[in-house]
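Source: prediction; values computed, not measured. Residue numbering restarts at 1 for every chain, and letters A, B, ... go by the order of the sequence lines.
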There are 2 protein chains.
Amino acid sequence: MKNRLKSLRAERGWSQVDLAERLEVSRQSVIAIETGRYDPSLPLAFKIAELFDLAIEEVFTSPSKES
Amino acid sequence: MKNRLKSLRAERGWSQVDLAERLEVSRQSVIAIETGRYDPSLPLAFKIAELFDLAIEEVFTSPSKES
DNA sequence: TAGCCATGTAAAGGTACCTTCACATTGATG
DNA sequence: CATCAATGTGAAGGTACCTTTACATGGCTA
């Protein structure tokens, strides 16, 4: 499942450590999500979307809509 | 994490089996989500929202916004 | 009453998510 | 060159998600 986390983070000039701290998760979780190793849980997806002031659908691409 | 799955399903007159088949998951998964035993994965949350033609935020309540 | 449908609990197995620790690579700066 | 920040991989442990199977309950109906 694709996501825009890496570019959203970059837009704000945040490091992975910065983002992990804001989300209150480990840096490994940030890496795993950014690199597509796995999807976040739904609660974490909410937290991510709220951090960037976006809808979940604006951060993550629905599996049914991936090219 | 709260959700409106049970009432959305009831509005359409679907049984848990009906819903499980439409979502292509087991009935146990439907029960677990409806009864709040656990949250769906993000891909399943997308599928649920799309089935009801709603945004994820309209089906599930953000943990940060629960009473 | 007997049978069916809908809902629910329980348990066990597999995979996904999240953690911590360790180590490697790259690029910028002293 | 030495060091530090940032990013990444790998492994191991715990919990969450999803599955299948089995069984229990309540409501409806023949």
When the distance from [atom1] of [X] to [atom2] of [N] is rounded to whole Å, what number comes out?
X: L19(B); N: dT7(C); atom1: CG; atom2: C1'; answer: 13 Å
X: F46(A); N: dC17(C); atom1: CZ; atom2: P; answer: 17 Å
X: L42(A); N: dA16(C); atom1: CG; atom2: P; answer: 18 Å
X: I31(A); N: dT25(C); atom1: CD1; atom2: C1'; answer: 13 Å
X: M1(B); N: dC17(D); atom1: CE; atom2: C1'; answer: 14 Å
X: Y38(B); N: dT9(C); atom1: OH; atom2: P; answer: 12 Å
X: E24(A); N: dC17(C); atom1: CD; atom2: P; answer: 21 Å
X: R27(B); N: dT21(D); atom1: CZ; atom2: P; answer: 13 Å

> Can you list, by residue number, the residues of residues 4-17 of chain B that have a non-hydrogen atom closer than 4.0 angstrom to DNA chain C?
Replying inline: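 K6(B), R9(B), S15(B), Q16(B) - these, ordered by number, are the residues of the stretch whose heavy atoms sit under 4.0 Å from the strand.
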> Hey, what bend do you get for the helix from dT1(C)-dA30(D) to dG30(C)-dC1(D) if you fit axes on five pairs at each end, rounded to 10°?
Replying inline: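 Taking the rotation axis at each end, their angle is 10°.
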> Taking only N and O in the side chain of S26(A), is any of them less than 4.0 Å away from OP1 or OP2 of dT19(C)?
Replying inline: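 Yes, within the criterion.
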Where do [X] and [Y] come nearest, in terms of heavy atoms and distance?
X: S64(B); Y: E50(A); answer: OG-OE1, 2.9 Å
X: M1(B); Y: P63(B); answer: CE-CD, 3.9 Å
X: D39(B); Y: P43(A); answer: OD2-CG, 3.3 Å
X: F52(A); Y: W14(A); answer: CE2-CZ3, 3.7 Å
X: Q28(B); Y: Y38(B); answer: O-OH, 4.5 Å
X: N3(A); Y: K6(A); answer: OD1-N, 4.3 Å

>> For A55(B), is there any backbone N or O sitting under 3.5 Å from a side-chain donor or acceptor partner on E57(A)?
In response: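 Flag not set: sc E57(A) to bb A55(B) has no pair under 3.5 Å.
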> Hey, is the main chain of E58(A) close enough, under 3.5 Å, to the side chain of R4(A) for a donor-acceptor pair?
Replying inline: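 Flag set: sc R4(A) to bb E58(A) pair under 3.5 Å.
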> Per the atom types in the model, does the base of dT9(C) pair as donor or acceptor with the side chain of Q28(B) at under 3.5 Å?
Replying inline: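 Looking at the base of dT9(C), it does pair with a donor or acceptor on the side chain of Q28(B) (distance under 3.5 Å).
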>> Once you apply a heavy-atom cut-off of 4.0 Å, does S29(B) come out as touching a base, just sugar-phosphate, or nothing?
In response: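 Answer is base: heavy atoms of S29(B) come under 4.0 Å of a base.
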>> So I56(B) and L42(A), do their side chains get closer than 4.5 Å, heavy atoms only?
In response: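 They are in contact (side-chain heavy atoms under 4.5 Å apart), so the answer is yes.
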